[in-house]
Engineer: 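Encoded as structure tokens, here's the structure I'll be asking about.
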Amino acid sequence: IVTWTAIIDGYLKFNLVDEAFKLFHDCIKHGVQVNSRMFVCVMNLCGKRLDLELGKQIHAYVLKRNWRNLIVDSAVVHFYAKCGKISSAFRTFDRMADRDVICWTTMITACSQQGLGHEALLMLSQMLGDGFFPNEYTICGALKACGENKALKFGTQLHGAIVKKICKSDAFIGTSLVDMYAKCGEIVNSKKVFDRLRIRNTATWTSIISGYARNGFGEEAINFFRLMKRKKVHVNKLTIVSVVMACGTINAPLIGREVHAHIIKSFMHTNMYIGSTLVWFYCKCKEYSHAFKVLQLMPLRDVVSWTAIISGCARLGLESEALEFLQGMVEEGVLPN
RNA sequence: AUACGAUAACGAUUGU
């Protein structure tokens, strides 16, 4: 069982989910007696596959055989949260006999990821009231909640606590702070934090870029993108989306086209988020034919991609095209919202 | 001294 758990967990850590799933089947087929550690792995597996049914079955089995413990329950909470079943996550959490900082953090993070920032911050104060000490994972989740809720006051208090070393300050904490200030509209403070960080990674740079873009400072966003490349920081698809948005907000078709070339060179053009953003960008810059071409070449289109072209056409006065796209969207099986 | 739980950044629409 040790060997099976080790190999399954190893596959999961590398996101080889199907292989891990197959190994779990093999493990059962070999008649190996599973234990609670294996269940934790399998709950993770279900979470990664978003396989609610299998997860529920495993959960029922765990309950029936009384294989529960703090870690198993934590994994179950995390699983439900990952599948978007926040009330099931809460139910499991509420029934836990023991709690620790990790399961509290799991709930706090789950809430902030589902856009329940207020609940996340309530959970944090409950956790503190129960005498648990937050760590950097907890603070990260709380900062995200502050950003979502524009809770600048509390976010600033957390920042103060971080300066006073309430937890270790890693790239996650730094990025969360940069992002929190930016989402609260405090781009100056966001940049101040960014400048003082010792560790910055792709997410940190993307946060400051999207922060500038969101707050209407497209030029600055683009400058940071250039600096990022000069410093040879890895650029990923999230970075690209933010930069293209920056180009759109200030109507910079030439720079956007450069970025588009970069996208194609680095094989990122098949990504749906990037495609949709490019469609929006070209419409914004009144380059309808480019927008259309990007949309046509996208391997997958969802309601957001179609809305980008439809609203773009509407804005450009291309009413009949807008209606044709609506029809094309429905014919492709995408439902309008 | 061998296996298990939690963390950050991205897209459309909401009239100037």
Side-chain angles (χ1 to χ4, degrees), chain A residues 1-10 12-13 34-45 47 69-79 81-82 89 93 100-110 112-113 134-145 147 167-168 170-180 182-183 190 200-211 213-214 236-246 248 268 271-281 283-284 295 301-312 314-315 329 336-337:
Chain A
I1 184 63
V2 174
T3 323
W4 283 102
T5 314
I7 189 73
I8 291 172
D9 190 56
L12 282 181
K13 290 234 153 70
V34 291
N35 61 15
S36 53
R37 288 191 180 205
M38 178 58 93
F39 283 124
V40 172
C41 274
V42 178
M43 287 314 294
N44 277 338
L45 173 69
N69 65 34
L70 178 59
I71 295 181
V72 172
D73 282 348
S74 265
V76 171
V77 170
H78 184 228
F79 158 75
K82 212 157 186 208
F93 179 80
D100 66 358
V101 61
I102 295 187
C103 72
W104 274 103
T105 303
T106 305
M107 270 322 298
I108 292 168
T109 306
S112 49
Q113 284 171 342
N135 62 21
E136 67 275 18
Y137 287 70
T138 325
I139 301 298
C140 221
L143 284 171
K144 185 180 168 75
C167 63
K168 88 166 193 239
D170 58 8
F172 281 76
I173 288 288
T175 304
S176 301
L177 278 173
V178 168
D179 196 56
M180 183 276 292
K183 288 205 169 113
S190 178
R200 303 185 195 99
N201 61 20
T202 301
T204 324
W205 283 89
T206 304
S207 281
I208 193 83
I209 291 170
S210 72
R214 200 180 312 114
N236 68 13
K237 56 189 180 12
L238 280 74
T239 322
I240 291 294
V241 169
S242 305
V243 177
V244 175
M245 293 198 69
M268 292 197 274
N271 179 270
M272 189 161 65
Y273 277 35
I274 292 180
S276 303
T277 310
L278 280 171
V279 169
W280 169 83
F281 157 77
C283 287
K284 185 87 201 316
L295 185 86
R301 294 174 278 256
D302 69 358
V303 64
V304 175
S305 330
W306 285 102
T307 306
I309 193 87
I310 293 169
S311 61
R315 201 182 282 272
M329 164 177 148
N337 63 15

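Every chain is numbered from 1 and lettered A, B, ... according to where its sequence line falls, protein lines coming before strand lines.
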Engineer: Check every strand shown and say whether Thr5(A) touches a base, only sugar-phosphate, or nothing at a heavy-atom separation below 4.0 Å.
Structural biologist: base

Engineer: Report yes if the side chains of Asp100(A) and Leu70(A) come closer than 4.5 Å at any heavy-atom pair, otherwise no.
Structural biologist: yes

Engineer: If the cut-off is 4.0 Å, is Gln113(A) near the phosphate of rA8(B), judged by side-chain N/O to OP1 or OP2?
Structural biologist: yes

Engineer: Looking at every strand, decide which applies to Lys13(A) at a 4.0 Å heavy-atom threshold: base, sugar-phosphate, or nothing.
Structural biologist: sugar-phosphate

Engineer: Between rC4(B), rA8(B), rA3(B), which one does the side chain of Ile71(A) approach most closely?
Structural biologist: rC4(B)

Engineer: Nearest whole angstrom, please: distance from the P of rC10(B) to the CG of Asn271(A).
Structural biologist: 14 Å

Engineer: Picking from rG11(B), rA3(B), rA9(B), which would you name as closest to the side chain of Tyr273(A)?
Structural biologist: rG11(B)

Engineer: Hey, does Ala81(A) reach any base, or is it just sugar-phosphate, or nothing, if we go heavy atoms under 4.0 Å?
Structural biologist: nothing

Engineer: Would you mind reading off the distance between Asp9(A) atom CG and rC4(B) atom C1', rounded to a whole angstrom?
Structural biologist: 7 Å

Engineer: At 4.0 Å (heavy atoms only), tell me whether Ala308(A) reaches a base, stays on the sugar-phosphate, or touches nothing.
Structural biologist: sugar-phosphate

Engineer: If I take atom CD1 in residue Ile240(A) and atom C1' in nucleotide rA9(B), what distance separates them, rounded to the nearest angstrom?
Structural biologist: 14 Å

Engineer: Looking at rA8(B), does its base get a donor-acceptor pair with the side chain of Asp170(A) below 3.5 Å?
Structural biologist: no

Engineer: Between rG11(B), rG5(B), rU7(B), spot the one nearest the side chain of Ser276(A), thanks.
Structural biologist: rG11(B)

Engineer: Return the value, rounded to whole Å, for the distance between atom CG of Leu70(A) and atom C1' of rA6(B).
Structural biologist: 11 Å

Engineer: Between the base of rG5(B) and the side chain of Asp100(A), is one N or O donor paired with an acceptor at under 3.5 angstrom?
Structural biologist: yes

Engineer: Which one, rA8(B), rG11(B), rC4(B), comes nearest to the side chain of Ser176(A)?
Structural biologist: rA8(B)

Engineer: How far, in whole Å, is rU16(B) from rA12(B) if one measures between their P atoms?
Structural biologist: 15 Å

Engineer: Return yes if the base of rA9(B) and the side-chain atoms of Asn236(A) contain a donor-acceptor N/O pair under 3.5 Å, otherwise no.
Structural biologist: yes

Engineer: Starting at atom CG of Asn337(A), determine the distance to atom P of rG11(B), rounded to an integer number of angstrom.
Structural biologist: 16 Å

Engineer: Can you check the Lys168(A) NZ to rA6(B) C1' distance for me, whole Å?
Structural biologist: 13 Å

Engineer: Measure the shortest side-chain to side-chain distance between Thr109(A) and Lys144(A) over non-hydrogen atoms and say whether it is less than 4.5 angstrom.
Structural biologist: no

Engineer: Measure distances between side-chain N and O atoms of Asp302(A) and base N and O atoms of rA12(B), and say whether any donor-acceptor pair falls under 3.5 Å.
Structural biologist: no

Engineer: Does some side-chain heavy atom of Val77(A) sit less than 4.5 Å from a side-chain heavy atom of Cys103(A)?
Structural biologist: no

Engineer: So do the side chains of Ile274(A) and Val244(A) get within less than 4.5 Å of each other, counting heavy atoms only?
Structural biologist: no

Engineer: Give one of base, sugar-phosphate or nothing for Thr138(A), where a contact means two heavy atoms less than 4.0 Å apart.
Structural biologist: nothing

Engineer: Is there a side-chain polar atom (N or O) of Lys144(A) under 4.0 Å from OP1 or OP2 of rA9(B)?
Structural biologist: yes

Engineer: What's the NE2-C1' distance between His78(A) and rA6(B), to the nearest Å?
Structural biologist: 6 Å

Engineer: May I ask you to say what Met272(A) touches in the nucleic acid, namely base, sugar-phosphate or nothing, with a heavy-atom cut-off under 4.0 Å?
Structural biologist: base

Engineer: Determine whether a donor-acceptor pair (N or O, by modelled atom type, separation under 3.5 Å) exists between the side chain of Arg315(A) and the backbone of Cys283(A).
Structural biologist: no

Engineer: Do Phe172(A) and Glu136(A) have side-chain heavy atoms sitting under 4.5 Å apart?
Structural biologist: no

Engineer: Take atom CG of Leu278(A) and atom P of rG11(B), then tell me their distance rounded to the nearest Å.
Structural biologist: 14 Å

Engineer: Answer yes if the side chains of Ser176(A) and Asp179(A) hold a donor-acceptor pair under 3.5 Å, and no otherwise.
Structural biologist: no

Engineer: Assess whether one donor atom and one acceptor atom, taken from the side chain of Thr277(A) and the base of rG11(B), lie less than 3.5 Å apart.
Structural biologist: no

Engineer: Between rA6(B), rU14(B), rC10(B), spot the one nearest the side chain of Thr105(A), thanks.
Structural biologist: rA6(B)

Engineer: Which nucleotide in the set rU13(B), rC10(B), rC4(B) lies at the smallest distance from any side-chain heavy atom of Thr307(A)?
Structural biologist: rU13(B)

Engineer: Give Arg301(A) one of three labels, base, sugar-phosphate or nothing, depending on what nucleic acid heavy atoms sit under 4.0 Å from its own.
Structural biologist: nothing

Engineer: Report yes if a side-chain nitrogen or oxygen of Trp306(A) is closer than 4.0 Å to either non-bridging phosphate oxygen (OP1 or OP2) of rU13(B); otherwise report no.
Structural biologist: no

Engineer: Which distance, rounded to the nearest 0.5 Å, do you find between the CG of Asp73(A) and the OG1 of Thr106(A)?
Structural biologist: 11.0 Å

Engineer: What's the closest nucleotide to the Phe172(A) side chain, out of rU7(B), rU2(B), rC10(B)?
Structural biologist: rU7(B)

Engineer: Has the side chain of Asn44(A) got a donor or acceptor that lies under 3.5 Å from a partner of the other kind on the base of rG5(B)?
Structural biologist: no

Engineer: Looking only at the side chain of Ser74(A) (C-beta and beyond, no hydrogens), which of the listed nucleotides rA3(B), rG5(B), rC10(B) gets closest?
Structural biologist: rG5(B)

Engineer: Under 4.0 Å between any heavy atoms, over every strand shown, what does Thr106(A) touch: base, sugar-phosphate, or nothing? Just pick one.
Structural biologist: sugar-phosphate

Engineer: rG11(B), rA12(B), rA3(B): which one has an atom nearest the side-chain heavy atoms of Ser311(A)?
Structural biologist: rA12(B)

Engineer: Using a 4.0 Å heavy-atom cut-off, does Lys183(A) contact any base of the nucleic acid, only the sugar-phosphate backbone, or nothing at all?
Structural biologist: sugar-phosphate

